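Shown next, in C-alpha cells, is the structure this report addresses.
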Amino acid sequence: YIYKNNGWALTFQITNSQGVVKFGDKTQVSVQNEQISMTTSDNVSATLTSSNITLKTSGSMKIEMTSDSVTINGHLKVT
C-alpha cells in the first residue's frame with residue numbers, strides 16, 4: 001500500500017525479471033529481458049528498452065527514439 005491523495009492505494013510489485021499484467025481483454029503491461037511493453041485495447045503501444053523508445057498508434061503514427069536519431073512517421077508540428 002502507498003499513501004496517495006489523502007488515502008491508501010493498493011500497489012503491486014513484480015520482483016521477477018519478466019511478467020505480464022493484464023487489464024481486461026487487450027490492455028497489458030509486460031516486462032521481459034529488460035524491455036517494458038504497454039499495449040491498450042485501442043491498439044496503442046509503447047516499448048521501452050535500454051537503447052530505444054517506440055510509440056505507436058493504430059492510425060500508422062510511429063515515433064522511435066534512439067541514441068542516434070528520432071524517427072517520426074506522420075506529421076511533425078513544432079511550436
Side-chain angles (χ1 to χ4, degrees):
Y1 286 92
I2 62 170
Y3 193 75
K4 182 178 177 181
N5 296 328
N6 297 322
W8 289 97
L10 179 63
T11 63
F12 298 93
Q13 180 177 2
I14 299 173
T15 57
N16 294 334
S17 61
Q18 62 185 23
V20 176
V21 178
K22 292 186 177 185
F23 306 91
D25 292 336
K26 296 182 181 179
T27 302
Q28 69 179 27
V29 176
S30 62
V31 177
Q32 184 174 9
N33 299 329
E34 298 181 3
Q35 174 178 310
I36 299 172
S37 299
M38 296 166 273
T39 307
T40 68
S41 58
D42 292 328
N43 206 16
V44 175
S45 67
T47 304
L48 298 93
T49 69
S50 60
S51 61
N52 69 355
I53 298 171
T54 304
L55 306 171
K56 288 176 141 181
T57 68
S58 59
S60 74
M61 185 194 81
K62 179 179 176 184
I63 300 172
E64 186 171 12
M65 295 169 270
T66 67
S67 60
D68 298 330
S69 64
V70 175
T71 305
I72 300 174
N73 178 10
H75 300 286
L76 174 63
K77 180 179 179 180
V78 179
T79 57

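Keep in mind the model is a prediction, meaning the values are calculated, not measured.
In this structure, the ring-ring contact (aromatic ring centres under 6.0 Å, His included) partners of Tyr3, at least two apart in sequence or on a different chain, are Trp8.
Using a 4.5 Å heavy-atom threshold, the side chains of Phe23 and Val29 count as touching. Side-chain contact between Asn52 and Glu64 is present, with at least one heavy-atom pair separated by less than 4.5 Å. Using a 4.5 Å heavy-atom threshold, the side chains of Ile63 and Lys56 count as separate.
Surrounding CG of Asn73 are more than 12 heavy atoms belonging to other residues, nucleotides or ligands, all under 6.0 Å away. Within a 6.0 Å radius of CD in Gln35, other residues, nucleotides and ligands contribute more than 12 heavy atoms.
Among Leu48, Val70, Ile72, Thr71, the one residue that satisfies the side-chain contact (heavy atoms from CB on, under 4.5 Å) test with Met65 is Val70.
The hydrophobic clustering, which links ILVMFWY residues whose side-chain heavy atoms are closer than 4.5 Å, places Met61 and Val44 apart.
In this structure, the separation between OG1 on Thr49 and CG on Asn33 is 11.5 Å, given to the nearest 0.5 Å.
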